[in-house]
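For reference, the structure is listed below as C-alpha cells.
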Amino acid sequence: MMTVSSGCEDRMKVANDNGKYVRYTPEQVEALERVYHECPKPSSMKRQQIIREFPILSNIEPQQIKVWFQNRRCRDKQKNEASRLHGVNRKLIEMNKLLMEENERLQKQVSHLVYENTFFRQQTQNNTTLATTDPSCESVIISGQHHLLTPQQPRDASPAGLLSIAEETVAEFISKATGTGTAVEWVPMPGMKPGPDSIGIVAISHGCTGVAVRACGLVSLEPKRVAEILKDRTSWFRDCRSVNVLNMISTANGGTIELLYMQLYAPTTLVPARDFWLLRYTSLLENGSLVICERSLNNTQNGPTMPPVQHFVRADMLPSGYLIRPCEGGGSIIHIVDHMVLEPWSVPEVLRPLYQSPMLLAQKTTMAALRHLRQISQEVSQPSVTGWGRMPAALRALSQRLSKGFNEAVNGFADDGWSLLESDDNDDVKLLVNSSPGKIMGGNLGYNNGCPSVSSSILCAKASVFLQDVPPAILLRFLREHRSQWADSSIDAYSATAIKTGPCSLPGARAGSFGGQVILPLAHTIEHEEFMEVIKLENMGYCRDDMTITGDIFLLQLCRGVDEHAVGTCAELIFAPMDASFSDNNPMLPSGFRIISLDSSMDATSPNHTLDLASALEVGTTGNKTYGDNAGHSESTKSVMTIAFQFAFEANLQDNVTTMARQYVHSIIASVQKVALVISPSHFGSKNCFLSPPSTPEAQILARWICNSYRFYLGVELQKCEGSHSILKSLWHHSDAVMCCSLKWILQALPVFTFANQSGLDMLETTLVELQDITLDKIFDDQRKKTLCFELLQIMQQGFVWIQGGICLSSMGRPVSYERAVAWKVLNEEETAHCICFMFISWSLI
C-alpha cells in the first residue's frame, strides 16, 4: 500500500512491508529529486546504485525508493493533466464567448429578416390594392435594386485621401468581421463544427459581389506576434508569389498605411495569374484590438498607381483583413475576412468555380492562415516535443520551397527565365525551358560532391486535363501509394542522378527496374491536412555512359488534401529528388500533381436552408464504409488535374530531353485517366469498389470454379444461385471477403492476389487495378507468416485448411480483424489447381 501527500510537500510518507511509514528528510527528498530529473523511472539496479551514491539514503530500502518514484511520477502526471485541463477550459470559455457573439448576431439577423419580410409583405399588399382600385396607376414594383452598382468616382490618393480611404476601410471591414454589416450575407460553411480543438468558426458568402469568407479562431500567441505572422503573407499563403511594399506612410493616430503590389499564382495552366494593387492599414483600436485591413486601389488619382502587368489579370480586393483581440490570460482571438473579386470572366466557363467558389477561397486562404497560426502556436507552447506529428520550421521551409517550385513550374513566368518551346497546337503538353534556373530552383547548381554541373538548363513539361466524377482525394491517395502504376523508374533515376551528379545522359527504355517504394514519414500538421515524407525507391538500377548508378533513390514529398470529406479542398502531390544533406543551397526541382474539384454545388447553399452537418461526416460501420460523399451524388462532378515535371539537362541534349519529357507526361496522363476511370464513383460503390462485378468471361468462369471447388472440398454450397452470371454477381456481393492468390509461391514464395470480391477489396483497401501489386505475405503479421508456407502446402495436399481468427493488414497498413478464415484449392475444368482462394469471415477494420 502507498500514499501520496497532498500539495508539493518536501516530505513524503511511504509504507513499508510492515505497514509503517517512512518520513523522508528534506535532504533525502532533495537527493531523490535530483535523481528524478535525470532518470524518472530507475531500474532495480539503478535504485541500488542511488543508495550507494547517496549515503544519506542508506537507511531507505530499495522497495521504498521504488514507491517514492512511483508517487513522484504520479504527481507529475496529475500536474500535467491539471495544466492540460486548465488550457482546455480556457479555450472552452473563449470559444463560448465567440459562440455567444455569433448567436447574438444571428438572432439580430433573424429579427431584421422578420421585420423586412413583414414590411415587404405589407408594401406588396398596399401596391396590389392601389393597382386594383386605380387602373390608371403606372407604378412598377421593382425588387432587389439595392444591389445595383453605381459608377465609382476616382478616389484621391494623396496622403490625406489615403487616410480617408483607410478609415472607411476599417469601418467596413469591422462590420464584416463581426457580422453586423449588410454588405455580405453569411452562411455557415458546411462540415465545420466549432469546438476546443477545431480550427474555428467559418462562414462563406451568399449572393454578394465576388467571393467572401469570414472566420474567427483562437491561438496562444500575443496580438503583435499574430500581426507579424499574418502580414508576412508569403510565409503561409502558398498561392502568393510576392508582396512588394512600394510606399509606407505613418498616420497621426499611430497607424501605418502601406501601398502594396501582390501577385498570386494561377492554380492551373489553363488560367492566367492574378495581381492586386492594395492599400493596407494597420492601427490599434480604443479597446486594445489590433486591426490590419486591406482594399484595392485601382480607381485612384493624385497618387502612385500600378499599371497593368503582362500575363496577369488585375483583381479587386474589397475591404478585408484581420481583427486581433487580446484574450484574458494570454493569447488572441482572430477575426479574418477575405473578400475578393477575382474576375472569373477571364477564364473558360468550366473553370470559373476556381474564382467563384467561396469554399475554395476558405480552404486555400482563410483557413490556411488559421492553420499556420495554430502550427506556430503549438511550437511555442510545446517547444520540447519532437518526433512524428510535428512540422518544425525547417520542414515548413522545405514544404514552402516545394510548393513555390511547383507553382513556378505550372505558371512559367517569363521574368523567371522561362520560354515556351514551339509545339503542335493540338498537343496538350506544353514544354518550357529555362537557361538560368538558379532563382526558381531555390539554390545554385553546385553540388556537395564537388563535381561541377554542366546541367545548366531546366525543362518543364506540363499539362492540365479534366476528369469526370473523380474525387480528388481518392485519386491523390492512389498516386501516392501506387507509384509504380504511373511512374517510370528510369525517369526517376535519371532525375535523381542528374540533380546529384550534374552531367547525364538520357535513360534508355530498359535502363531501370522498379524495386519497390517505401514511405518514410517526416511530419504532419495539426489537422493532418498536410504531411511530408521521404519516398525511398529501393534497388534502383540505372546505367549511364560514364558510370552505373545502383542502390536506393530518395524523394522528398509533400501531400495535401487527402481527406475526401473536406469540402472545397485542393489535393496536391509534389516531390523532388533530394540530397541527404537537406541543405538550403541544394537545387530542388519539384514535380507532381494538383487536382482541384470544380463542383461548386456546395457553394450555392441558401441562407434559409438548414445544413445537415452530420451528413458530411457520416461513415459506415465495420469494414464496408462509404468512401466519401461523392459516391452518393446524383450528378457527376468535374475536377481539373494539373501535371508539371521538371528535368535538369545539358544544353546540347535539349532535343532528346524534349522528346523524352513529352512522351513521359503523355504516358502519365494516360495512366492517370485509366486509374480515374476505375475509381470513379460511377463505377464504384464503396471504397474503390465496383457497384457491379466485372462482366468479362474470365471472371464468370473463375466464379464458377471458386464455388464448385468450395462445394467439392468443404461439402457445402458457398452460395445458392442459378446460371453463371448469377454466380458471379452473388460471389461479388458476398458479405465475407473472398480473394484469390496465384500459385507463384511454388517457385518464388510470393503468392500474388489476382481477384477479390467487393468485400475483399474493401478489406484490402485497394482496387482490382492495384490488387495484383499485393502479395499474400504482406497482409499477414509475423506470427502468421511463420506458418504460411506450411498452410499453403497443406492446402495443396488436402485441398483446404481452416485458419484461426486473428489480425491481418490492409494495403494501407491498417489492421483488420477477422473471426476465422478458410482457404481452398480452386480447380479448373481439367481438375488441376488454378489458384488458391481465401475467405475471411466477419472481418472489420480496426
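- Judged as a side chain to side chain donor-acceptor pair (under 3.5 Å), the pairs with a partner in residues 819-829 (not counting sequence neighbours) are, in order, Arg704-Glu829, Trp705-Glu829, Asn828-Thr832.
- A 4.5 Å side-chain heavy-atom check between Phe554 and Leu556 finds every atom pair outside the cut-off.
- Two residues are said to be in side-chain contact when any heavy atoms from C-beta on lie closer than 4.5 Å; Ile574 and Arg560 fail this criterion.
- Within the structure, the side chain to side chain donor-acceptor pair (under 3.5 Å) test picks out the following pairs touching residues 796-811 (sequence neighbours left out): Glu765-Ser810.
- At least one donor-acceptor pair closer than 3.5 Å links the side chain of Gln375 to the backbone N or O of Ile526.
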Working for side chain to side chain contact (heavy atoms under 4.5 Å, CB included), residues Tyr710 and Val738:
CA-CA 12 Å; Tyr710 185 86; Val738 179; over 6 Å; no
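- For the atom pair Leu555 CG and Ser591 OG, the distance stands at 9.5 Å (nearest 0.5 Å).
- Note on ring orientation: taking the six-membered ring where Trp is involved, the planes of Trp486 and Phe575 are tilted (angle from 30° to 60°).
- Using a 4.5 Å cut-off on side-chain heavy atoms (C-beta onward), Ile779 and Phe753 make contact.
- Scanning both residues, Ser759 and Ala737, for their nearest heavy atoms gives OG-N, 3.6 Å.
- Checked against salt bridge (charged side-chain N to carboxylate O under 4.0 Å, His left out), Arg371 has the following partners two or more places apart in sequence or in another chain: Glu527, Glu529.
- In this structure Ser399 satisfies the side-chain contact (heavy atoms from CB on, under 4.5 Å) test together with Arg238, Glu530, Met532, Leu558, sequence neighbours excluded.
- Between Ala756 and Trp732 the shortest heavy-atom distance is O-CZ3, 3.3 Å.
- Applying the side-chain contact (heavy atoms from CB on, under 4.5 Å) test to Cys808 and every residue at least two apart in sequence or in another chain returns Met763, Phe780, Val816, Tyr818.
- Looking at residues two or more places apart in sequence or on another chain, you find a salt bridge (charged side-chain N to carboxylate O under 4.0 Å, His left out) between Glu81 and Arg84.
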| task | Please report the C-alpha distance between Leu702 and Cys835 in whole Å, then the side-chain angles of each, then the deciding distance to 0.1 Å, and finally whether the side chain to side chain contact (heavy atoms under 4.5 Å, CB included) criterion is met. | result | CA-CA 10 Å; Leu702 179 61; Cys835 62; 4.2 Å; yes
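- With rounding to the nearest 0.5 angstrom, the CD1 atom of Ile595 is 8.5 Å from the CD1 atom of Ile643.
- Here the straight-line distance linking atom CD of Glu481 with atom CG of Leu476 works out to 9.0 Å at 0.5 Å rounding.
- Under the salt bridge (charged side-chain N to carboxylate O under 4.0 Å, His left out) criterion, Glu533 pairs with Arg480, not counting sequence neighbours.
- Val822 has its side chain out of reach of Val801: every pair of non-hydrogen atoms, C-beta onward, lies at least 4.5 Å apart.
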Chi angles and distances behind the side chain to side chain contact (heavy atoms under 4.5 Å, CB included) call for Val470, Met641: CA-CA 10 Å; Val470 179; Met641 178 181 67; over 6 Å; no
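- Under the side-chain hydrogen bond (donor to acceptor under 3.5 Å, both in side chains) criterion, Ser817 pairs with Ser844, sequence neighbours left out.
- With a 4.5 Å cut-off on side-chain heavy atoms, Asn708 and Arg711 count as touching.
- With contacts defined as side-chain heavy-atom distances shorter than 4.5 Å, the pair Ile795/Tyr713 does not qualify.
- Taken from CG in Leu522 to CG in Leu398, the straight-line distance is 9.0 Å, to the nearest 0.5 Å.
- A distance of 10.5 Å separates CG of Asp488 from CZ of Arg483, quoted to the nearest 0.5 Å.
- Residues meeting the side-chain contact (heavy atoms from CB on, under 4.5 Å) test with Ala576, sequence neighbours left out: Leu402, Met588.
- No side-chain heavy atom of Ile553 sits under 4.5 Å from any side-chain heavy atom of Pro577.
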Open item on the list: One pair to check against side chain to side chain contact (heavy atoms under 4.5 Å, CB included): Gln700 and Ile727. What are the steps and the verdict?
Closed with: CA-CA 8 Å; Gln700 298 167 10; Ile727 291 176; over 6 Å; no
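- Contact annotation: the side chain of Leu776 approaches that of Leu792 to within less than 4.5 Å [non-hydrogen atoms, C-beta and beyond].
- Note that the CG atom of Leu764 and the CH2 atom of Trp843 stand 8.5 Å from one another [nearest 0.5 Å].
- The side chain to side chain contact (heavy atoms under 4.5 Å, CB included) test with Leu479 singles out one residue from Val675, Ile474, Val672, and that residue is Val672.
- Shown here for Pro472 and Ser639, the closest heavy-atom pair between the two residues is CG-CB, 4.4 Å.
- With sequence neighbours excluded, the residues that form a salt bridge (charged side-chain N to carboxylate O under 4.0 Å, His left out) with Glu791 are Arg784.
- Closest approach of Pro42 and Phe69 over heavy atoms only: CD-CD2, 3.6 Å.
- The backbone N or O of Cys570 lies less than 3.5 Å from no partner atom in the side chain of Arg594, so there is not a single donor-acceptor pair.
- The side-chain hydrogen bond (donor to acceptor under 3.5 Å, both in side chains) search around His482 returns Glu770, not counting sequence neighbours.
- More than 12 heavy atoms of other residues, nucleotides or ligands lie within 6.0 Å of CZ in Phe800, so this atom counts as buried by the packing criterion.
- With sequence neighbours excluded, the residues that form a side-chain contact (heavy atoms from CB on, under 4.5 Å) with Ser667 are Tyr664.
- Checking side-chain atoms of Asn757 against main-chain N and O of Asp736 turns up a donor-acceptor pair under 3.5 Å.
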